[in-house]
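The structure under discussion appears below in the form of structure tokens.
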Number of protein chains: 2
Amino acid sequence: MNGILNDKISAQSLVDALAERIEAAIMNGDLQSGGKISEQALATSLGVSRGPLREAIRTLEGRKLLLRTPNIGVRVASLSPGDLCEVLQVREALEGMACGLAAANMTDEELKALSALLHQQQKSVQGTGVYPETMDFDFHFRIVKGSRNARLVQMLCEDLYYLLRVYRRQSSVTPDRTKQTLREHRDIVAAMTRRDPVEAERTMRRHIASARLYVEEQMRETGAGRNVVARARKPKAAASLAGKGRRVASLRRR
Amino acid sequence: MNGILNDKISAQSLVDALAERIEAAIMNGDLQSGGKISEQALATSLGVSRGPLREAIRTLEGRKLLLRTPNIGVRVASLSPGDLCEVLQVREALEGMACGLAAANMTDEELKALSALLHQQQKSVQGTGVYPETMDFDFHFRIVKGSRNARLVQMLCEDLYYLLRVYRRQSSVTPDRTKQTLREHRDIVAAMTRRDPVEAERTMRRHIASARLYVEEQMRETGAGRNVVARARKPKAAASLAGKGRRVASLRRR
DNA sequence: CGGTACTTGACTGTAAACAGTTTCCCGACC
DNA sequence: GGTCGGGAAACTGTTTACAGTCAAGTACCG
């Protein structure tokens, strides 16, 4: 049974492994957002049967990464700029709360480490003019975990961050707000170091709100900002998820 | 939309119907929280096969109503008071945000209707000393919808409210805070009527925080407040979910 | 009498076949 | 030539069957 599919580790159940792979495929762009997915084709392509695949789809459906229309099929969610704004509002509320809690609950060591990370970011910016995305992720991740609220952590890190990463993929709107981001991060750390939950929440919310306002600005410029992503009907994105080597599956005729 | 939670129609697919029924069974207490459930037994009991049932379970798993341990089984989530506090913190953040948005985005008519609902609550309290739970739900529901943020609506109304209802079932901690609740509702409506988003958010957060503080108070009184609900190991809660009429299935020997 | 190992049983995880519905294409009719 | 109807293919939804794994109960040995 093993050897069949789990080449790496992670995901002790096939369903979880599938969910991860599909998620990755969406990130990669192997599965176009808005595109329809054929269960059969995807199953063959991944080298599994439809049972586990359907369960994996249900999982991702719960995370709003896939959308199902009864008797029609499943398609990859496409975030319009409007949707993105909604998500960012939610994130503002949640991560603001998280930051306030973190200001109260993080240990001094954790705060020191966070401060160190901030300095790294600054150094990276001075050197290359930009800093890696993972650093930003790490920054927010640490603060959220510092809230000591498991549910908050899960909602932010497992649900929202994924969505945002998908969006970043689909429309590479990576504005050059590096300098401002850095300034805002500094304010956040400052408030947290002062152990001031109210101010910590305020600065974090402002930080995220400024990202949202940027998107809204973009929306006003480029038309009403309803779906930028094509509402593709035909594409049938299923293919090209070449299973890890076996069964290349040259289906897809037509 | 119409009723409280349109449990009338909905569920065109078997999987969705199952998810709803299991959810209801958890509310009812037919499925004890913390209890283990057997796929096979539940499937027979509901008169369906394991495929759709497993998908329904995945769905509810995503909503944190069911927990799965690989190769062991699925059990109903049991919210400890600590968990409840976490959920209430999340709700405070989200619904605070929603209320602020609603103060800006609700129409005058909607505000007027909200105010009317508040008066109904007052009248009901004057008469019976208490007002129906549905009224409270309706109140919050309208405000959340008034935020005009679909994702916020979904997270609050489809995820959190269910969880809270499950909790209310499992430990009937229904404190008599009617009077205070009413006062807080009045403050909220007042702020919204003034179209003051900041104050609206603040009052709503205070409203939810006071519920959380009450729970924390209870926790301090009744021990450390780790799981009140028994970590039942044997119960095998599956039975007694008599299928929709057909196939009553008197399995369960042993 | 207690502990350990083995056997047995049930349940989860997975795959494949079956049934119902939708959609699309082609032909006939207006 | 266009439109409407019928039929076929494909896909989703569902059921059934099989294999692997875990847990508990029992028997045997120390």
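Chain letters run A, B, ... following the sequence lines, proteins first, then strands; residues in each count from 1.
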Can you check the [X] [atom1] to [N] [atom2] distance for me, whole Å?
X	N	atom1	atom2	result
B:Leu53	D:dT15	CG	P	11 Å
B:Lys36	C:dC11	NZ	P	7 Å
B:Leu14	C:dA19	CG	C1'	14 Å
A:Leu46	C:dT14	CG	C1'	15 Å
A:Gln40	C:dA17	CD	C1'	12 Å
A:Ile37	D:dG13	CD1	P	13 Å
A:Glu39	C:dT21	CD	P	17 Å

With sequence neighbours excluded, tell me which residues meet side-chain contact (heavy atoms from CB on, under 4.5 Å) with A:Arg142.
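Per chain and number, A:Arg142 pairs via side-chain contact (heavy atoms from CB on, under 4.5 Å) with A:Ala113, A:Leu114, A:Leu117, A:Asp138.
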Using five base pairs at each end to define the local axes, how bent is the helix from C:dC1-D:dG30 to C:dC30-D:dG1, to the nearest 10°?
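The end-segment axes of the helix from C:dC1-D:dG30 to C:dC30-D:dG1 are tilted 0° relative to each other.
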Test of understanding: with side chain to side chain donor-acceptor pair (under 3.5 Å), list the residues that count as partners of [X], not counting sequence neighbours.
X	answer
B:Arg91	B:Glu95, B:His140
B:Glu86	none
A:Glu92	A:Arg205, A:Arg212
A:Arg151	none

A:Pro52 near the nucleic acid: base, sugar-phosphate alone, or nothing, with a heavy-atom cut-off under 4.0 Å?
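Sugar-phosphate only.
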If you look at every strand shown and take non-hydrogen atoms under 4.0 Å, does B:Gly51 touch a base, only sugar-phosphate, or nothing?
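Base, at least one base atom sits under 4.0 Å.
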Counting C-beta onward and ignoring hydrogens, is there a side-chain heavy-atom pair between A:Gln89 and B:Ser147 closer than 4.5 Å?
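No, too far: nothing below the 4.5 Å cut-off.
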Among D:dT15, C:dA17, C:dT12, which is the nearest nucleotide to the side chain of A:Arg50?
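Of all the options, the side chain of A:Arg50 is nearest to C:dA17.
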Any idea which of C:dA15, C:dT23, D:dT15 is nearest the A:Ile72 side chain?
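Comparing C:dA15, C:dT23, D:dT15 against the side chain of A:Ile72, the answer is C:dT23.
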Strictly below 4.0 Å: does B:Arg54 bring a side-chain N or O up to OP1 or OP2 of C:dG13?
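Yes.
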